[in-house]
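One structure, pasted below without further comment.
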Amino acid sequence: GNQGVGGNGNPSQGWCVTTGPFGTPGWSTSSGPCLRRTFNGNVPDAADIQTCLNLNLFTAFENYLRLSLHNNVHGRIGGTMNHPSSAGAPEFQLHHGFVDKIWSDWQKKSPGNLNAYFPGINEKMTATNYYPRDLIDLTKQPGCVRVCYDDPTIKSGIRVKEFLQSLSPSQLSRLPRMPFTATTKADNDRFGVSKADRALAKRLEAIGRRGVLRGRSARINFRTQLERTLGFQLIPPPHIRPIRPIGRPRPPAPGGFKSSLAEDEVVAEDEVVTEMDLEAGNAKDFVKEQDGMNSNYVEKENQEFADQKNSMELEDKNAKDSAVDQHFEEQANDVETKEQEDFADQEDVPESNFAEQESEDFAEQDKENNDFGEQAPTSDVNDEDVEEDFEDVEEDFEAEEDEEEA
């Protein structure tokens, strides 16, 4: 309605929001003349947020926060929030601020959590001079900025938080809850989520949401309007007994990623389940599987790219070779055609013409020879002179030999 940031878009007006302070007319975005919303389904509940916070491995926590919570909310609001210019929607700031608070709450679990991030991301953030590692600690932001998020202060909020924290991860995953809309394929496609990340999210959701009821016959006897809004009761069901009294906060996990729940054991009326079933056992396997899938996916993409490149280079080479062969073939055809034409011209000339031509050629050659003999200059040197010169040279040579012997 007219409260908060307004309601759903009006389908008769292109899903433009017409209620609240951001309704049309009077509010526009970079993607259009109005703010649009197309509400669909229900967003994850408070228990799902606590499930995300209970994950101690950063890879698992980041995946759950990004896909199962962040992407889901964008998809359920729809409209402008599903557009590349979603930052123009007022709820974008609220949504991303709350995502950052969840991360901040997770960082407070241990010093290892505080400094956990993807070290492989070693590039400056868009339109800034800062790296992701420069913004990890909210208490030491650039420019002497410190970011602090408040916990719930109203009684109902405090009660919900204390109840969820009183349950272990295994208990929480089995808490009966009303169904809500899971992240869809379209949501993940919109954000370009990899196959490996989708597989990990699906596995984490399957374990963390075991208590979510299925089907239209799902019923929970809610006692208050708060429970109806939450989608679950604020009392443990008979087969789940909290391992800590309600109101007592969960102790932080010591030693970085090491779970503080390693020694805990969930005691139910009909079963004994170790909490490592959710985290140490499953989440680590998920991360190993994700790493393997990511590696295989990258290798496959690189191999496909290399094969495509080689194929294109081979096609170019074949095309060039074909062009060269065609060029030489055309030249050979031209030469052959020329020879055939010359031969055809020769065949058209009668044999008598050849004989006459040969006789004329011989006659001209004889005439040239005779002319050369008549015009050749006569030499003044005769044979007797040549003989005398030879004898003189021979005498000189013998005289030189006699002198050398003497």
Side-chain angles (χ1 to χ4, degrees), residues 4-5 7-9 37-55 60-79 81-82 86 89 91-92 94-99 101-103 105-106 152 156-157 159-161 163-165 167 169-191 193 197-237 240 278 282 286:
V5 294
N8 196 14
R37 294 181 186 138
T38 55
F39 292 166
N40 60 99
N42 298 319
V43 297
D45 55 20
D48 218 43
I49 296 173
Q50 187 62 47
T51 298
C52 181
L53 290 170
N54 286 341
L55 296 169
F61 164 76
E62 187 277 336
N63 180 282
Y64 207 98
L65 177 61
R66 176 164 51 94
L67 275 68
S68 303
L69 300 180
H70 168 267
N71 293 2
N72 193 319
V73 173
H74 274 272
R76 303 293 70 75
I77 295 177
M81 284 286 278
N82 271 346
S86 58
E91 58 267 29
F92 178 93
L94 299 176
H95 175 43
H96 279 251
F98 190 63
V99 168
K101 181 189 184 302
I102 295 174
W103 190 357
D105 290 342
W106 185 84
S156 59
R159 183 184 178 192
V160 172
K161 181 179 179 180
F163 169 74
L164 294 175
Q165 289 184 342
L167 303 176
S170 294
Q171 290 175 313
L172 181 62
S173 69
R174 290 174 170 82
L175 178 68
R177 298 144 63 189
M178 292 299 293
F180 50 83
T181 307
T183 306
T184 65
K185 180 179 182 299
D187 297 335
N188 288 328
D189 288 344
R190 192 174 297 111
F191 287 97
V193 179
D197 282 346
R198 298 185 195 209
L200 176 59
K202 189 174 181 179
R203 296 285 298 276
L204 290 172
E205 289 174 357
I207 291 181
R209 297 173 178 176
R210 282 179 281 192
V212 176
L213 304 179
R214 300 288 188 268
R216 297 181 179 178
S217 59
R219 293 289 185 274
I220 295 178
N221 295 323
F222 298 116
R223 301 167 303 162
T224 64
Q225 182 60 39
L226 175 61
E227 291 183 345
R228 187 178 301 277
T229 301
L230 292 171
F232 54 84
Q233 290 183 327
L234 291 176
I235 56 172
I240 296 181
L278 176 64
N282 291 302
F286 296 158

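Remember, it's a predicted structure, so these values are computed and weren't measured experimentally.
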Evaluate the side-chain proximity of Val99 to Leu69: yes if any heavy-atom separation is below 4.5 Å, no if none is. no
Check Leu172 against Ala47 and note the closest heavy-atom contact, atom names and distance. CD2-O, 3.7 Å
Of the non-hydrogen atoms in Pro152 and Lys161, which two are nearest, and what is the gap between them? CD-CD, 4.3 Å
What's the spacing between Ser86 OG and His96 NE2 if we round to 0.5 Å? 6.0 Å
Looking at Arg214 and Val212, would you say the former's side chain and the latter's main chain have a donor-acceptor pair under 3.5 Å? yes
Counting N and O atoms only, with roles assigned by atom type, does the side chain of Gln233 sit under 3.5 Å from a partner on the main chain of Asn221, one being a donor and the other an acceptor? yes
Where Ser68 and Pro44 come nearest, the two heavy atoms and their spacing: O-CG, 3.5 Å
Worked verdict on Asn82 versus Arg190 for side-chain hydrogen bond (donor to acceptor under 3.5 Å, both in side chains): CA-CA 8 Å; Asn82 271 346; Arg190 192 174 297 111; 3.1 Å; yes
CD-CD1 distance between Glu227 and Ile220, expressed to the nearest 0.5 angstrom: 9.0 Å
Going by the side-chain contact (heavy atoms from CB on, under 4.5 Å) test, name the single residue among Val193, Val73, Asn71 that passes it with Thr183. Asn71
Can you find a pair of side-chain heavy atoms, one from Met178 and one from Asn42, that are under 4.5 Å apart? no
Can you find a heavy atom in the side chain of Phe61 that is under 4.5 Å from one in the side chain of Leu204? no
Has the side chain of Asp187 got a donor or acceptor atom that lies under 3.5 Å from a matching backbone atom of Thr184? yes
Can any side-chain N or O of Asp45 pair as donor or acceptor with the backbone N or O of Gly231 at less than 3.5 Å? no
When you measure from the side chain of Arg210 to the backbone of Ile207, do you find a donor-acceptor pair of N or O atoms at a distance under 3.5 Å? yes
Do His95 side-chain atoms and His70 backbone N/O form a donor-acceptor pair below 3.5 Å? yes
Does atom CZ of Phe98 have more than 12 heavy-atom neighbours from other groups under 6.0 Å away? no
Is the backbone of Leu55 close enough, under 3.5 Å, to the side chain of Trp106 for a donor and an acceptor to pair up by distance? yes
Quick one: does Ser173's side chain have a donor or acceptor within less than 3.5 Å of a partner on Arg209's backbone? no
Can you check whether Gln225 reaches Thr229 side chain to side chain, under 4.5 Å on heavy atoms? yes
Does Arg219 reach the side chain of Leu213, with side-chain heavy atoms less than 4.5 Å apart? no
I need the Tyr64 OH to Asp48 CG distance, nearest 0.5 Å. 3.5 Å
Do any N or O atoms from the side chain of Asn72 and from the backbone of Thr181 form a donor-acceptor pair under 3.5 angstrom? yes
How are the rings of Phe92 and His74 set to each other: parallel, tilted or perpendicular (split at 30° and 60°)? perpendicular
Closer than 3.5 angstrom, by distance alone: can the side chain of Glu91 be matched with the main-chain N or O of Val5 as a donor-acceptor pair? no
If you round to the nearest 0.5 Å, how far is CG of Leu234 from OG1 of Thr224? 6.5 Å
Nearest 0.5 Å, what's the CD-SG distance between Glu205 and Cys52? 10.5 Å
Distance in Å, Phe222 CZ paired with Phe232 CZ, rounded so as to fall on 0.5 Å steps: 9.5 Å
Shortest non-hydrogen contact from Ala201 toward Leu67: CB-CD2, 3.6 Å
Any chance the side chains of Arg76 and Asn40 put a donor and an acceptor closer than 3.5 Å? yes
